[in-house]
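Worksheet: one structure, shown below.
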Amino acid sequence: MAKKLHQIIVVDVEATCWEGKNPEGQPNEIIEIGICILDVKTLERVGKEGMMVKPQLSQISPFCTELTTITPADVANGLSLREAGEILRTKYKSKSCTWASYGDYDRRQFERECIAKEIAYPFGTAHINVKNLLALTKAWNREIGMAGALEKLKLPLEGTHHRGVDDAWNIAAILAAIFKMTR
Ligand code: AMP
Ligand code: MG
């Protein structure tokens, strides 16, 4: 498939989580897929969306709601991960665009869950780890969290931290800042 290089799909997922160990039989499952589209030429963020995904095997704990603000009611009518993947592929051309996320977590969660649920992995091979790229660009010798990165770059943390849609929006601003340093 020919690569599309005009835009980057920035993705940030939220997943079911607990304060300590997972309860018996409940794996971490994606509950929100935050998406922000970064225009490569203008470095403007040209779109954002949060897709709510209904977990199949796990429940949203009070701890998870406290962290993410996402409640069981928010995902009650959510998509299945398979349906969300279909939207990524058709609406966002996720197989042929470069995609980006902050760290390894989001990519690995997608890989794990697609294998476990026997569904098609919705992304292509071109992935940017923004956390790693920022540390390398700045020669910091260590990777730092998203909130710290925004602070260092004097960028505002917009929206609610740990909401996928807002995290994706803010990560796209970090990626845009990195490109601006190198153009
Ligand atoms: P984030 O993109 O930083 O909001 O984190 C993505 C997901 O990682 C969250 O939806 C949680 O499932 C998990 N996570 C993040 N921080 C924590 C934490 N302090 N304790 C447990 N799980 C966490
Ligand atoms: Mg997040």
Side-chain angles (χ1 to χ4, degrees), residues 8-38 45 47-81 84-85 87-88 92 94 99-117 121-123 127-135 142-153 155-178:
I8 295 170
I9 311 168
V10 180
V11 173
D12 184 89
V13 303
E14 303 306 324
T16 50
C17 57
W18 298 270
E19 193 157 14
K21 277 198 331 199
N22 288 32
E24 184 73 27
Q26 295 196 45
N28 302 85
E29 294 182 286
I30 292 172
I31 52 175
E32 183 188 7
I33 303 172
I35 298 157
C36 178
I37 303 301
L38 183 67
R45 291 166 287 185
K48 66 169 177 170
E49 177 175 3
M51 288 196 271
M52 303 313 290
V53 178
K54 189 178 178 177
Q56 290 172 3
L57 303 166
S58 61
Q59 271 149 27
I60 296 181
S61 65
F63 173 81
C64 186
T65 300
E66 196 170 316
L67 180 74
T68 64
T69 75
I70 298 169
T71 65
D74 290 331
V75 298
N77 298 315
L79 302 164
S80 67
L81 188 62
I87 293 172
L88 282 167
Y92 292 104
S94 56
W99 71 292
S101 60
Y102 204 82
D104 269 332
Y105 171 79
D106 306 77
R107 185 177 53 76
R108 296 188 62 221
Q109 180 65 31
F110 256 107
E111 285 171 358
R112 267 196 301 270
E113 221 176 311
C114 287
I115 289 169
K117 297 193 163 135
Y121 184 67
F123 299 108
H127 174 261
I128 299 171
N129 177 339
V130 180
K131 188 182 200 178
N132 183 258
L133 182 62
L134 177 62
R142 68 180 188 96
E143 296 181 352
I144 65 171
M146 186 200 82
L150 289 166
E151 219 175 286
K152 284 246 186 215
L153 297 172
L155 294 168
L157 196 166
E158 295 181 78
T160 306
H161 191 192
H162 301 303
R163 273 310 295 252
V165 63
D166 294 330
D167 285 352
W169 177 259
N170 287 314
I171 294 162
I174 296 171
L175 185 54
I178 295 170

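Both counts, for ligands and for their atoms, begin at 1 and track the order of listing. Index from 1, following the sequence. Just the heavy atoms: all of them, side chains too, but no hydrogens, waters or symmetry mates, feed the values below.
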Write down the atom of L81, the atom of I30, and the distance for their closest heavy-atom approach. CD1-CD1, 4.0 Å
Roughly how far, to the nearest 0.5 Å, is the CD1 atom of I174 from the CH2 atom of W169? 13.5 Å
Output, by chain and residue number, all protein N/O/S atoms separated from the Mg ion (ligand 2) by less than 2.8 Å. D12 OD2, E14 OE2, D167 OD2
What are the atoms of ligand 1, with element, lying closer than 4.0 Å to any heavy atom of D12? 2 (O)
Of V13, T68, V165, D167, which meets side-chain contact (heavy atoms from CB on, under 4.5 Å) against E32? V165
Geometry only, no angles: is A15 polar-contacting ligand 1 at N/O separations under 3.5 Å? yes
Can you name the nearest heavy-atom pair linking C64 to I31, along with the distance? SG-CD1, 3.9 Å
Indicate the ring-plane relationship of W99 and F123, choosing parallel, tilted or perpendicular according to the 30° and 60° boundaries. parallel
Starting from atom 9 (C) of ligand 1, which protein heavy atom do you reach first, and at what distance in Å? E14 OE1, 3.3 Å
Which of the numbered atoms in ligand 1 are under 4.0 angstrom from any heavy atom belonging to D167? 1 (P), 2 (O), 4 (O)
Looking only at protein heavy atoms, identify the closest one to atom 3 (O) of ligand 1 and say how far it is in Å. H162 ND1, 3.1 Å
Which heavy atom in D12 sits nearest to a heavy atom in A168, and how many Å separate them? CB-N, 3.8 Å
Does the side chain of H127 come under 3.5 Å of the side chain of S101 through a donor N or O and an acceptor N or O? yes
Contacting atoms of ligand 1, where contact means under 4.0 angstrom from a heavy atom of Y105: 6 (C), 7 (C), 8 (O), 12 (O)
Tell me whether Y102 reaches ligand 1 (any heavy atom closer than 4.0 angstrom to a ligand atom). no
Atom 23 (C) of ligand 1 sits nearest the protein heavy atom L67 CD2, 3.7 Å
Are side-chain N/O atoms of N28 and Q109 paired as donor and acceptor at under 3.5 Å? no
Residue, atom and distance of the protein heavy atom nearest atom 21 (C) of ligand 1 read F63 CE2, 3.5 Å
Assert yes or no for the condition that the ring centre distance of W18 to F63 is strictly below 6.0 Å. no
A student checking ligand 1 against V13 at a 4.0 Å heavy-atom cut-off should list atoms 2 (O), 6 (C)
Inspect the surroundings of CZ in R112 and state if more than 12 heavy atoms from other residues, nucleotides or ligands are less than 6.0 Å away. yes
May I have the list of side-chain donor-acceptor pairs in residues 50-58 shorter than 3.5 Å, sequence neighbours left out?
residue : atom : partner : partner atom : Å
S58     : OG   : T16     : OG1          : 3.0
S58     : OG   : P27     : O            : 3.3
S58     : OG   : E29     : OE1          : 2.7

Ligand 1 N/O within reach of D106 N/O, cut-off under 3.5 Å: no
Should T68 be counted as touching ligand 1, given the test is an N or O pair under 3.5 Å? no
Inter-residue atom distance I60.CD1 - D74.CG, 0.5 Å rounding: 7.0 Å
Protein residue, atom and distance nearest to atom 22 (N) of ligand 1, heavy-atom basis: C17 CB, 3.6 Å
